[in-house]
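The next block holds one structure in the form of C-alpha cells; read it before the comments.
All values derive from a computational prediction rather than experimental measurement.
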Amino acid sequence: MSVLSVQNISFSYPESPAAVLKDVSFELEAGDYLVILGANGSGKSTLSRLLCGFLPCTAGKILVQEHVRTGIVFQAPKEQIVAGIVERDTAFGPQNLKLRKDEIELRTIESLAAVGLLDRANSHTFSLSLGQTQMLALSGILALSPDLFILDEVTAMLDPDSRAEVLEFLDHVHRAQHTVIHITHDRSEVQRANKVLVLTEGTVAFCGSRAALETEGTLLTTIFGTPLSAAHRASVATD
C-alpha cells in the first residue's frame with residue numbers, strides 16, 4: 001500500500017465558488033522525495049494543508065497509510081514557534097504526545113542536535129536569526145518523529161547559508177528513509193527529488209519522474225522562465 005494516496009481531490013474555499021484544486025491525484029511510496037512546483041496561486045500551499053488534514057477535501061479523498069505520522073513546516077517559521085525558550089519549543093510536540101519525560105528529553109536533544117541548535121537550547125527563541133528560527137521549526141517537527149515531512153517553501157525567505165543548512169537537513173531525513181514532500185520555486189531544489197508534481201491553476205500539469213520533467217521544455221520554461229541548457233539536460237539524465 002502507498003504511504004499516501006491522493007485520489008481525485010478538489011477544493012474550494014467557502015468564500016469563493018472557484019475551485020483552488022481540481023481533480024488532483026498522485027501516490028507516494030515510503031522513501032519517496034516529491035517536489036511540488038507551480039506558480040503563485042496554483043494551489044500548492046492549499047494542497048499541503050489538505051494533506052495534513054488542516055482542510056477538508058471538497059471532493060475526492062486522501063488516504064494515509066495506518067500509523068504514518070505527518071509533520072509540516074511552513075514558509076514563515078515564526079508562525080510555528082510556540083515557546084519562548086528553544087528547548088521548550090522543541091519539547092512541546094513530544095509533551096503533547098504524552099511521552100515519558102526521558103523520551104521527551106532524548107527527542108529534544110537529538111532534534112536540536114540534528115538542526116545544529118543544541119548549543120542554543122537555553123536561548124530565547126526571539127534571539128534567533130530567521131535561518132535559525134526555520135531550523136527550530138524543523139526541530140519541533142523532527143521531535144514528533146514523523147514518517148512524512150511536508151515542507152511548504154521553507155527556503156523561500158532564507159539567505160544562501162541558511163538555505164544550504166535546511167537542504168542539508170532535508171537530505172538527512174530523506175537518507176533516514178523518511179518520505180518528503182517539498183514545495184518550492186527553486187530550480188536547483190528539484191534535483192533532490194525522484195518525483196515531481198506540477199500544478200497549473202489547480203490542476204495537475206505534470207506528475208512523474210524528475211528525469212521525465214527535464215524533457216518537458218515548454219513546461220519548464222513556463223515554470224522557471226528559461227529553458228534548460230543541453231549540458232544541464234545531459235547531467236540530469238545521468239543522475
Inset, instruction - Could you give me the CA-CA distance, side-chain angles and deciding distance for I72 and I141, then say whether side-chain contact (heavy atoms from CB on, under 4.5 Å) is met? - result: CA-CA 7 Å; I72 186 169; I141 296 302; 5.6 Å; no
Inset, instruction - Provide the closest heavy-atom pair for S127 versus R120 in the form atom of the first, atom of the second, distance. - result: OG-NH2, 3.1 Å
Inset, instruction - Give the intermediate values and the outcome of side-chain contact (heavy atoms from CB on, under 4.5 Å) for residues L130 and L158. - result: CA-CA 7 Å; L130 181 60; L158 302 182; 4.0 Å; yes
Legend entry - Result of checking V24, L47, L4 against I62 for side-chain contact (heavy atoms from CB on, under 4.5 Å): L4
Inset, instruction - Determine yes or no for a side-chain-to-main-chain donor-acceptor pair under 3.5 angstrom, with R49 supplying the side chain and S45 the backbone. - result: yes
Inset, instruction - Apply side-chain contact (heavy atoms from CB on, under 4.5 Å) to K44 and E153, showing your working. - result: CA-CA 10 Å; K44 304 187 304 297; E153 299 198 50; 3.7 Å; yes
Legend entry - Side-chain (S42) to main-chain (A39) donor-acceptor, under 3.5 angstrom: yes
Legend entry - Under 3.5 Å donor-acceptor, D89 side chain and V82 backbone: yes
Inset, instruction - Drop me the distance from D23's CG to S10's OG, to the nearest 0.5 angstrom. - result: 5.5 Å
Inset, instruction - Side-chain contact test, heavy atoms from C-beta onward, threshold under 4.5 Å: evaluate it for L136 versus V86 and give yes or no. - result: yes
Inset, instruction - Establish, from distance only, whether the side-chain atoms of S139 and R107 form a donor-acceptor pair under 3.5 Å. - result: no
Inset, instruction - Give a yes or no on this: more than 12 heavy atoms of other residues, nucleotides or ligands lie within 6.0 Å of atom CD of E168. - result: no
Inset, instruction - May I ask you to decide if E29's main-chain N or O and S2's side chain share a donor-acceptor pair within less than 3.5 Å? - result: no
Legend entry - Minimum-distance pair of heavy atoms, taken over all atoms of V204 and C207: CG1-CB, 4.0 Å
Inset, instruction - Check the surroundings of atom CZ in F206: do more than 12 heavy atoms from other residues, nucleotides or ligands lie under 6.0 Å from it? - result: yes
Legend entry - Main-chain N/O of P146 paired to H178 side chain as donor or acceptor, under 3.5 Å: yes
Inset, instruction - Using only heavy-atom distances, determine whether the side chains of S25 and Q7 contain a donor-acceptor pair under 3.5 Å. - result: no
Inset, instruction - Of all the heavy-atom pairs spanning S12 and A19, show the shortest one and how long it is. - result: OG-CA, 3.2 Å
Legend entry - Shortest non-hydrogen contact between A143 and P94, atoms and distance: O-CG, 3.5 Å
Inset, instruction - Check the side chains of D186 and T184 for a donor-acceptor pair under 3.5 angstrom, ignoring hydrogens and angles. - result: no
Legend entry - Side chains of V180 and L151 in contact at under 4.5 Å (non-hydrogen atoms): yes
Inset, instruction - For the pair F11 and Y13, name the ring-plane relationship: parallel under 30°, tilted 30 to 60°, perpendicular over 60°. - result: perpendicular
Legend entry - Min side-chain heavy-atom separation L199-L21 under 4.5 Å: yes
Inset, instruction - Look at the aromatic rings of F74 and F54 and report parallel, tilted or perpendicular, splitting at 30° and 60°. - result: tilted
Inset, instruction - Please examine the side chains of K195 and V35, heavy atoms only from C-beta on, and report whether any two atoms are closer than 4.5 Å. - result: no
Legend entry - Trace of the side-chain contact (heavy atoms from CB on, under 4.5 Å) decision for L50 with I9: CA-CA 9 Å; L50 288 167; I9 65 169; 4.1 Å; yes
Legend entry - Side chain to side chain, R69 and L148, heavy atoms closer than 4.5 Å: no
Legend entry - Nearest-0.5 Å distance, CG of residue N194 to CG of residue D32: 4.5 Å
Legend entry - Spacing of L51 atom CG and L55 atom CG [to the nearest 0.5 Å]: 10.5 Å
Inset, instruction - Would you mind telling me which of R192, H182, H174 makes a side-chain hydrogen bond (donor to acceptor under 3.5 Å, both in side chains) with Y33? - result: H182
Inset, instruction - Using a cut-off of 6.0 Å, state whether more than 12 heavy atoms not belonging to E27 lie near its atom CD. - result: yes
Legend entry - From E189, E165, Q134, residue fulfilling side-chain hydrogen bond (donor to acceptor under 3.5 Å, both in side chains) relative to T155: E189
Legend entry - Which atom of A91 lies closest to which atom of I104, heavy atoms considered: CB-CG2, 3.9 Å
Legend entry - Side-chain heavy atoms of L213 within contact of L37, under 4.5 Å: yes
Legend entry - Side-chain (T200) to main-chain (T203) donor-acceptor, under 3.5 angstrom: no
Inset, instruction - For I183 and S48, work out which heavy atoms get closest and say how close. - result: CD1-CB, 3.7 Å
Legend entry - Nearest-0.5 Å distance, CD of residue Q132 to CG of residue L138: 13.0 Å
Legend entry - Beyond-backbone contact of R163 with S188, side-chain heavy atoms, under 4.5 angstrom: yes
Legend entry - Point-to-point distance, once rounded to the nearest 0.5 Å, from CG of L97 to OG of S145: 9.5 Å
Inset, instruction - Kindly work out whether a path of hydrophobic side-chain contacts (I/L/V/M/F/W/Y, heavy atoms less than 4.5 Å apart) joins I81 to I85. - result: no
Inset, instruction - For the residue pair F126 and L128, establish whether any side-chain heavy-atom pair is separated by less than 4.5 Å. - result: no
Legend entry - Side chain S111, main chain T108, donor-acceptor under 3.5 Å: no
Legend entry - Test item: side-chain donor near acceptor, H185 and N40, under 3.5 Å: yes
Inset, instruction - Report yes or no: does T125 contribute a side-chain atom to a donor-acceptor pair with the main-chain N or O of A83 at less than 3.5 Å? - result: yes
Legend entry - CZ on F169 to CG on D171, rounded to 0.5 Å: 10.5 Å
